Amino acid sequence: MNNQQNFSDFSLNEFVWNDNFRKWVLSPDEDSDNFWKNWIKANSEKEAAVGAAKKIILALTIKEPELSDAVIAAEIQNILDEINRKEINSYRKNGFRTIVENRYWKLGLSAAVILIVAVTTVLWMIRKSDNTSISYQELMRSSDEKLTEKVNETGKPQTVLLPDGSKIVLEKNAKISFAASFNNSSKRKVYLSGTAFFEVAKNPLKPFLVYTNGLITKVLGTKFIIHSMDSNKKVSVEVISGIVSVYSYIDKRSNEETGSKKLNALILTANQKANYSSEDKTLMAAIVTNPVLVSAEEVNFKFEDTSIDSVFKSVEKGYGIDIVYDEKSLAKRTFTATLTTESMYEKMDIICKALNARYEIIDGKIVVYSNVSNQ
């Protein structure tokens, strides 16, 4: 701790956001406790400001139900009562002149307390996401841009065109909010509730971000589908073409606070999806229910005594999904079959049955296990 820092000129706001002071309030140790107690004793005129700052910092860490107006008002009154008590004690010791000086100080401090408690309440509501999901309405309120909202109140899909030329198809009851123009921002941000198909216009200079129920999907230009509802606290992102990255809103905020540049993101390609639960904060990669052929080149699924390595490479190329297998145990095996009409899963079922093997979907990949050892 930097004990040489000059705290005597600190305002209430500066105490609240000072790292050394916050560390002492939230996780004091013997060294910091001794320092601050001695400092307050030597700077008694700052005791009320220190007490108010401590209460505000602690309010940020509350993990109770949402603060009501009554609770906030009571907290402010407690702070003001503390200030009044200090003021009266000061009057008893120093007389009328001091009380007049303190009244001017009190007016400024009171205004600061009201402003900071209001701000920290909003911050607390956002941080409350550690236990609950980030709702569509909360995400909209957190935006610093004026948003346009589109709601599909019809019984059929509704197409929405964005200012950058991107196309969004909203399913029934889905809602999307976005800025009227993306010209004044380095990112294209939209906020979604419900299910929607996205066809994003490419713009390498302006990433496209979709915020929904605690998850952020980031793309430059691609096609994907997002399923999200505040009610079930789950989100899935299915990639049709291109590449997207997905990461949690909480992870992003944590990185902003710590200065870290590393996000725990999943990188998804065609036929992959991410499943996110804002309730238990799990983010997992998977494969879509009905993978489609994504290769621009024709892939041959007619196999005649074809090595297993070549068979798996054909499936990988056709569907864009990695296949992991034990090359040693399957190296000498071959496969013969025509699999031109089967789905990807049907292809894998037939191949694995012929090999006396099995497969699982793990982290968006196909993992093949041999049921017999290589003799």
Side-chain angles (χ1 to χ4, degrees), residues 1-69 71-90 93-94 98-99 101-131 142 144 249-262:
M1 177 173 175
N2 181 13
N3 291 355
Q4 303 303 316
Q5 186 168 2
N6 183 15
F7 298 101
S8 59
D9 296 327
F10 264 37
S11 66
L12 175 63
N13 188 46
E14 288 172 321
F15 276 119
V16 168
W17 299 112
N18 180 264
D19 289 339
N20 289 331
F21 184 79
R22 290 170 62 83
K23 184 177 179 181
W24 169 61
V25 173
L26 297 174
S27 56
D29 54 32
E30 184 177 357
D31 180 58
S32 64
D33 209 36
N34 288 335
F35 171 79
W36 280 106
K37 286 180 179 178
N38 291 332
W39 187 89
I40 294 169
K41 186 176 181 180
N43 298 269
S44 58
E45 73 277 7
K46 290 289 185 179
E47 187 174 354
V50 168
K54 286 178 66 175
K55 289 185 177 182
I56 291 169
I57 291 170
L58 292 173
L60 284 172
T61 65
I62 294 175
K63 298 187 183 300
E64 299 292 338
E66 184 171 324
L67 296 176
S68 65
D69 292 341
V71 171
I72 295 172
E75 189 65 30
I76 294 173
Q77 188 59 52
N78 288 338
I79 295 172
L80 296 181
D81 288 345
E82 180 70 12
I83 295 170
N84 284 329
R85 185 180 68 80
K86 296 298 180 184
E87 184 179 86
I88 292 170
N89 289 339
S90 179
K93 290 181 180 180
N94 303 302
T98 301
I99 194 75
E101 292 173 348
N102 284 348
R103 282 192 181 277
Y104 284 107
W105 177 80
K106 173 190 169 183
L107 289 173
L109 179 58
S110 299
V113 169
I114 293 170
L115 175 61
I116 294 173
V117 168
V119 171
T120 53
T121 299
V122 174
L123 291 174
W124 174 84
M125 288 177 68
I126 294 175
R127 292 188 182 205
K128 187 181 65 173
S129 62
D130 288 341
N131 290 324
S142 70
D144 55 3
Y249 184 74
I250 292 171
D251 189 37
K252 174 179 177 293
R253 289 193 60 81
S254 176
N255 278 31
E256 290 173 348
E257 292 171 0
T258 61
S260 173
K261 294 184 179 180
K262 183 179 180 181

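All figures in this text were calculated on a predicted structure; none of them were measured in a lab.
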Trainee: Angle class for the Trp36/Phe15 ring planes (parallel below 30°, perpendicular above 60°, tilted otherwise)?
Mentor: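 Ring orientation of Trp36 relative to Phe15: perpendicular.
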Trainee: Do Phe7 and Val50 come within less than 4.5 Å of each other through their side chains, counting heavy atoms only?
Mentor: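 No, too far: nothing below the 4.5 Å cut-off.
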Trainee: In chain order, what residues pass the salt bridge (charged side-chain N to carboxylate O under 4.0 Å, His left out) check against Lys37, with sequence neighbours excluded?
Mentor: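 Scan of Lys37 (salt bridge (charged side-chain N to carboxylate O under 4.0 Å, His left out), adjacent residues dropped) gives Asp33.
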Trainee: When rounded to the nearest 0.5 angstrom, what is the spacing between CD1 in Ile40 and CD in Glu45?
Mentor: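 Reported value, rounded in 0.5 Å steps: 11.0 Å.
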Trainee: Using 0.5 Å steps for rounding, measure from the CG atom of Asn18 to the CZ atom of Phe10.
Mentor: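 Between atom CG of Asn18 and atom CZ of Phe10 there are 4.5 Å.
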